[in-house]
Trainee: 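Can you read through this structure? Questions will come right after.
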Amino acid sequence: QVQLVESGGGLVQAGDSLRLSCAASGRTFSSYAMTWFRQAPGKAREFVAGISRDGGSTGYADSVKGRFTVSRDNAKNTVMLQMDSLKPEDTAVYYCARPMYSSTSYITDRGNIAYWGQGTQVTVSS
């Protein structure tokens, strides 16, 4: 089965930057869009960013537009999330996620996700 492993989370101050990485197993990585979700305590898991299978298109939640950038390197089976100008409200566990079908859009919801990473904690202090 597909395994996703996130890394790069940590504790930073407001205004700082972090780059998250997600390493995927398998040989079909480039056939699927990839996404990032996050979940804060007491909140539902929410879509953050997504990228098409070839990296040509991206999409973002309104709350992170202009601050976060998603990218991928299909040769390395890796998807990244560059997070700039971090705010305390960005504090959450961030999850890398692969959609269920190769045809699923890079902008999607939880119901269309087939595989989740274990999550990486991002904490932003004021």
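Just so you know, these numbers come straight off a predicted model, no measurement behind them.
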Trainee: From Arg98 CZ over to Thr108 OG1, what is the distance, rounded to the nearest 0.5 angstrom?
Mentor: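 Arg98 CZ to Thr108 OG1: 12.0 Å, rounded to 0.5 Å.
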
Trainee: Could you tell me which non-hydrogen atom of Asp84 sits nearest to which non-hydrogen atom of Ser17, and how far apart they are?
Mentor: OD1-OG, 2.8 Å

Trainee: Between Leu20 and Glu6, is a side chain to side chain contact (heavy atoms under 4.5 Å, CB included) present by the stated rule, with each step listed?
Mentor: CA-CA 7 Å; Leu20 307 183; Glu6 303 96 333; over 6 Å; no

Trainee: Could you pull out the closest heavy-atom pair between Asp109 and Phe37, with the gap in Å?
Mentor: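 Heavy atoms only, the tightest pair is C-CZ, 4.0 Å.
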
Trainee: Salt bridge check: are Lys87 and Asp90 linked by an N-O gap of less than 4.0 Å?
Mentor: no

Trainee: Once rounded to the nearest 0.5 Å, what's the spacing between atom OH of Tyr32 and atom OG of Ser103?
Mentor: 9.0 Å

Trainee: Okay, side chain of Asn74, backbone of Arg53: is any donor-acceptor separation there less than 3.5 Å?
Mentor: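 The answer is yes, because a donor-acceptor pair under 3.5 Å joins these two groups.
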
Trainee: Quick one: does any side-chain atom of Thr78 pair with a main-chain N or O of Asp73 as donor and acceptor, under 3.5 Å?
Mentor: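 Side chain of Thr78 to backbone of Asp73, a donor-acceptor pair under 3.5 Å: no, none is there.
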
Trainee: Just wondering, do Arg38 and Ser63 contact through their side chains at under 4.5 Å, heavy atoms?
Mentor: yes

Trainee: So how far is it from Leu81 CG to Ser71 OG, rounded to the nearest 0.5 Å?
Mentor: 8.5 Å

Trainee: Side-chain contact test, heavy atoms from C-beta onward, threshold under 4.5 Å: evaluate it for Val124 versus Glu89 and give yes or no.
Mentor: no

Trainee: Heavy atoms only: give me the nearest Ala33-Pro99 pair and the separation to one decimal.
Mentor: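 Heavy atoms only, the tightest pair is O-CD, 2.9 Å.
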
Trainee: Is Tyr94 reachable from Val64 through a run of hydrophobic residues whose side-chain heavy atoms are each under 4.5 Å from the next?
Mentor: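 Same hydrophobic cluster.
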
Trainee: Any side-chain heavy atom of Thr69 sitting closer than 4.5 Å to one from Tyr60?
Mentor: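 Yes. Closest side-chain heavy atoms under 4.5 Å.
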
Trainee: Looking at Ser25 and Gln3, would you say the former's side chain and the latter's main chain have a donor-acceptor pair under 3.5 Å?
Mentor: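 Such a contact is found between Ser25 side chain and Gln3 backbone.
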
Trainee: Counting distance only, does the side-chain N/O of Arg19 pair as donor-acceptor with the main-chain N or O of Met80 below 3.5 Å?
Mentor: no

Trainee: Say whether, by atom type as modelled, one donor and one acceptor occur between the side chain of Thr91 and the main chain of Pro88 under 3.5 angstrom.
Mentor: yes

Trainee: Could you report the tightest heavy-atom contact between Phe68 and Val48, atom names first, then the distance?
Mentor: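 In terms of heavy atoms, the two residues are closest at CD2-CG1, 3.8 Å.
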
Trainee: Between CZ of Arg72 and CG of Asp54, what distance do you get to the nearest 0.5 Å?
Mentor: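 Nearest 0.5 Å value for the CZ-CG distance: 8.0 Å.
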
Trainee: Are Val2 and Val5 linked, directly or through other ILVMFWY residues, by side chains that come within less than 4.5 angstrom of each other?
Mentor: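 No, it is not one cluster - the side chains of Val2 and Val5 are not joined through contacts under 4.5 Å.
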
Trainee: Is there a donor-acceptor pair closer than 3.5 Å between any side-chain N or O of Arg110 and the backbone N or O of Arg45?
Mentor: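 Yes, the answer is positive, given that a donor and an acceptor are paired below the 3.5 Å cut-off.
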
Trainee: Atom OG of Ser126 and atom CD of Gln13: how far apart are they, to the nearest 0.5 Å?
Mentor: 9.0 Å

Trainee: Identify whether Trp36 and Leu18 are in the same connected component of the hydrophobic contact network (ILVMFWY, side-chain heavy atoms under 4.5 Å).
Mentor: yes

Trainee: Could you report the tightest heavy-atom contact between Tyr95 and Gly117, atom names first, then the distance?
Mentor: CD2-O, 3.5 Å

Trainee: Same hydrophobic cluster for Ile113 and Met34, using side-chain heavy-atom links shorter than 4.5 Å among ILVMFWY?
Mentor: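 Different clusters: Ile113 never reaches Met34 through Ile, Leu, Val, Met, Phe, Trp or Tyr contacts under 4.5 Å.
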
Trainee: Atom CD of Gln39 and atom CH2 of Trp116: how far apart are they, to the nearest 0.5 Å?
Mentor: 8.5 Å

Trainee: When you group the ILVMFWY residues by side-chain heavy-atom contacts below 4.5 Å and let the links chain together, are Leu4 and Val122 in the same group?
Mentor: yes

Trainee: Do Val12 and Met83 come within less than 4.5 Å of each other through their side chains, counting heavy atoms only?
Mentor: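 Counting from C-beta outward, Val12 and Met83 never come under 4.5 Å.
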
